[in-house]
Amino acid sequence: MSQANKRELAATFSPADIEAPLYQKWLDAGYFKADATSDKPPFTIVIPPPNVTGSLHIGHALDHTLQDIVIRMKRMKGFETLWLPGMDHAGIATQNVVEKQLAAQGKSRHDLGREEFIKTVWKWKAESGGAILAQMKRLGDSVDWSRERFTMDEGLSKAVQEIFKRLYDAELIYRAERIINWCPRCLTALSDIEVEHSDDAGEFVQVRYGDENISITVATTRAETMMGDGAVAVHPEDPRYKDLIGKMVLLPLVNRMIPIIADELVDPEFGTGAVKVTGAHDPNDFEMAMRHGIDMPIIMNEHGVMANSGTKFDGMDRFEARKAVVDELRLQGRIVAEKRPYVHAVGHCQRCDTTVEPRLSMQWFVKVAPLAKAAGDAVRDGRIKIEPEELAPRYFDWIDNMHDWCISRQLWWGHQIPVYYGPNGEVVVCGPNDTPPAGYTQDPDVLDTWFSSGLWPFSTLGWPEATDDYKKFYPTSVLVTGYDILFFWVARMVLLGLFVNDGIAPFHTIALHGLVRDRFGKKMSKSRGNTVDPIEFMDKYGSDALRFTLARGANPGTDQALAEEWIGGSRNFATKLWNATRFAVLNGATIEGELPAFDGLDDINKWILTRLDETIEAVDNYLEKFEFAKACEEIYHFAWDDLCDWYLELSKASFASGGESAEVSKRVLGHVLDQVLRLLHPAMPFISEELWCSFTGGETLVTATWPKSNFAMRDESSKAVVTQLQDLVTEIRRFRNDQGIKTSAKVNANFVGLGAHEAALRQVCRLEVMTGVPGAKIEVGKVIVEFDLTGAIDVKAERARLTKDLATAEKDRTTAKVKLDNEGFMAKAPMEVVQEIRTRLAQTTADIESITAQLAALPND
RNA sequence: GGGUGCUUAGCUCAGUGGUAGAGCGCUUCGUUUACACCGAAGAUGUCGGGGGUUCGAAACCCUCAGCGCCCA
């Protein structure tokens, strides 16, 4: 410890003055940099890579705070910690941003051409991307910046090619013509989870197909696709249509004959029980069409505009066509019934909200069945633990029912699919070290962004090379993220991680947290106008205050509400610690020299050390279980209630007295403060560092040792003594309050039956030694306090106070008595419970006696 | 439609069988040499409704109602 580091603390706490310099100090010292050659056990977290287009929102602030808490604690526990930062190239999102900029100049990406467009995106990334990185520094993230990665980096791209080839060789990647989700605005395929369903108002019409010979009425919400119908389907057991199965029926508007087929998929209860089969434009219809060998004409282009139907509707937008088709049918007298609005689930593009169009097209898929089985098993057999475990069923539900994953995207920004086609339709898949044969052309599509982020835990560490980082830090330790990306990202990492690593999971624990919502628990959204800006909060209250508020609200896997004044509350807590430390320093608190022998301490010192040790144990246990809210709660109440409100107050007399007792208190207080600042450091790194360094003269808390519980520093009886002191103080204060005695006023009083700690009590309650005759007394347990109020006692107030106490005591006594009179209770309740109730009965009985006597002794008013 | 969760103080939430808790808010008083971003004292709950199990239920079971989320 060097005296030189000790600093005087400013009279008021100003977060802005300390935070930026401290972060710079940590960077300069290289505390966050992991050492792959270290002998310490590794502890690794990879950050959920934020989109390169993104900026820090309140959800990141929560996610990062929790990760930082874990990583900082582990660092203090002596692990070789690596928290690896980076960003995701975010295919669609980023392409959209750059295209929008081009559009402002009246250009499209096609004007630039693929190569030029990609250059433009990289340029955009260099100039405007990654704003979030600077904001992460603001928050205090102890990430290793020397290992920052980007999913489009060369190394990560090699990992993408490598795994694509391995999956292809294992026949787990295939190309096929399937019906996929298509965004007519982004002009790309989407995977199932990139489609968000909402209940929208549509229309439901019943249309009579056929002519005077055979007719059947079908029900549909998508009349415009009827030009692409290949059949009409009914349920095989439906008696209404039994005779029609196998017959041909006229398709109106296009005047084509189509068959009536029977398929179990048809719900006889839905509409008329007869549905149109449009294989190229509906996923269910596609299944039926495949089963029955039905034609699947494509009558819409990639923009969602009608095309090649051979009707007058060609060239109309799909929604415009829907109306026109129904109008035309109505004219022809073919509309049997219409319902509008008809509310039903409609899919929307996650990125741009455009209504998704099912589209038949050639795409690349991952065959997920064997991979998903392994991913489910890894959690089932405990190789991966999901915290909280209540969320595991959701994981199973999804992973056990996962459809094949469409991984090709018709975009330019992303990892181009490493497949090359020869002049005669040859297909060659190239790994990172392969060269495609001359004259072959590469597949123009790119891969789903989540394909590359699914490799994140190992691609960032150098895989497929066996780098030092990979050997030291892989598999990673725990994954901390929001449950909202459990399917998008977490499940994919498990899937791909197990595949490349022969069943070894990419992490052993998935710690899921919830979403940050507004003060009323409502989801934050731009349309609601209830979003908040974490940067603004950090400016106003400090990063520590924001972090502590978020961590304190973070119960595992559940959403949390956030209101600005709660952050103010955390700032108040920081100020409290600031002032408590100033007070401690003022009174000479120190960490120098041996801590006095525990057994020789008085009750107050034993008590605070006992409470400290209990707090250390609780905080450590909670943090190891990702119970951030409970851990913060423990620290908060220990620091504010036990330390500030009680220990500091009860110790003032000791400090004032000087001598040996003061020396002991100084050393104990120094120890407690040192330890509590260490406990606080992961959650509130800035203020804890500032206070600890200035108080102890030490270099840093970042690499300081994490407190360890020590049962030899506990004494139960001291807790009982201090509890009694607290009761006494509370009752004296209450008496003073009820009697209208100013807090600052000194009152003459004496104690009867009090053992030790009289000086501390007198200090806290502002009582002077009484020489006169007592004018009033109160009884607290076995202790009597006699006051000299020189006859000025407020009898009315005193009677009210005692009457209230009497009522409480009588109620408690009755409760206890009823229990003890209950034969069932006496026969079946455990001994210790019965004993506890007996003690309660005795205590309340004594209280009633004493209060009654006091009431009787009061003069009449 | 299938899952799943929730309903505890004015608000947001802890609390998995033994006298109901926290933060914020509220009322009153108060500048006592750490702190008014503070201190002290105080008020506020048939723990969603009904039924059951149990000596004992906010907690376990059943049921009804309301709200939410995920998936289709």
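Throughout, protein chains are lettered first and strands after them, A, B, ... in sequence-line order, and every chain is numbered starting at 1.
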is_close_aromatic(A/Y622, A/F628), centroid dist under 6.0 Å: no
Pairs involving residues 818-840 of chain A, ordered by first then second residue, that meet ring-ring contact (aromatic ring centres under 6.0 Å, His included) (sequence neighbours left out): none
Parallel, tilted or perpendicular: rings of A/F487 and A/W398 (30°, 60°): parallel
Whether A/F583 and A/F655 hold their rings parallel, tilted or perpendicular, with breakpoints at 30° and 60°: perpendicular
Residue [X], side-chain atoms from C-beta onward, closest of [options]:
{"X": "A/R733", "options": "B/A41, B/U32, B/C35", "answer": "B/A41"}
{"X": "A/E565", "options": "B/C24, B/A22, B/U19", "answer": "B/C24"}
{"X": "A/T743", "options": "B/C37, B/U32, B/G23", "answer": "B/U32"}
{"X": "A/R840", "options": "B/U19, B/U32, B/A41", "answer": "B/U19"}

Base versus backbone protein contacts along nucleotides 1-17 of chain B [heavy-atom cut-off under 4.0 Å; B, S, -]: ----------SS-SS--
Side-chain donor/acceptor of A/E649 to base of B/A40, under 3.5 Å: no
Electrostatic pair A/R762:A/E758 at N-O distance under 4.0 angstrom: yes
Salt bridge A/E634-A/K630, side-chain N to carboxylate O under 4.0 Å: no
Under 3.5 Å on both distances, the Watson-Crick or G-U partner of B/G66: B/C6
N/O contacts under 3.5 Å, protein versus nucleotides 52-58 of chain B?
residue, atom, partner, partner atom, Å
B/C55, OP1, A/K828, NZ, 2.2
B/C55, O4', A/G824, O, 3.3
B/C55, O2', A/N822, ND2, 2.9

Atom P, compared across B/U16 and B/U7: separation rounded to whole Å: 12 Å
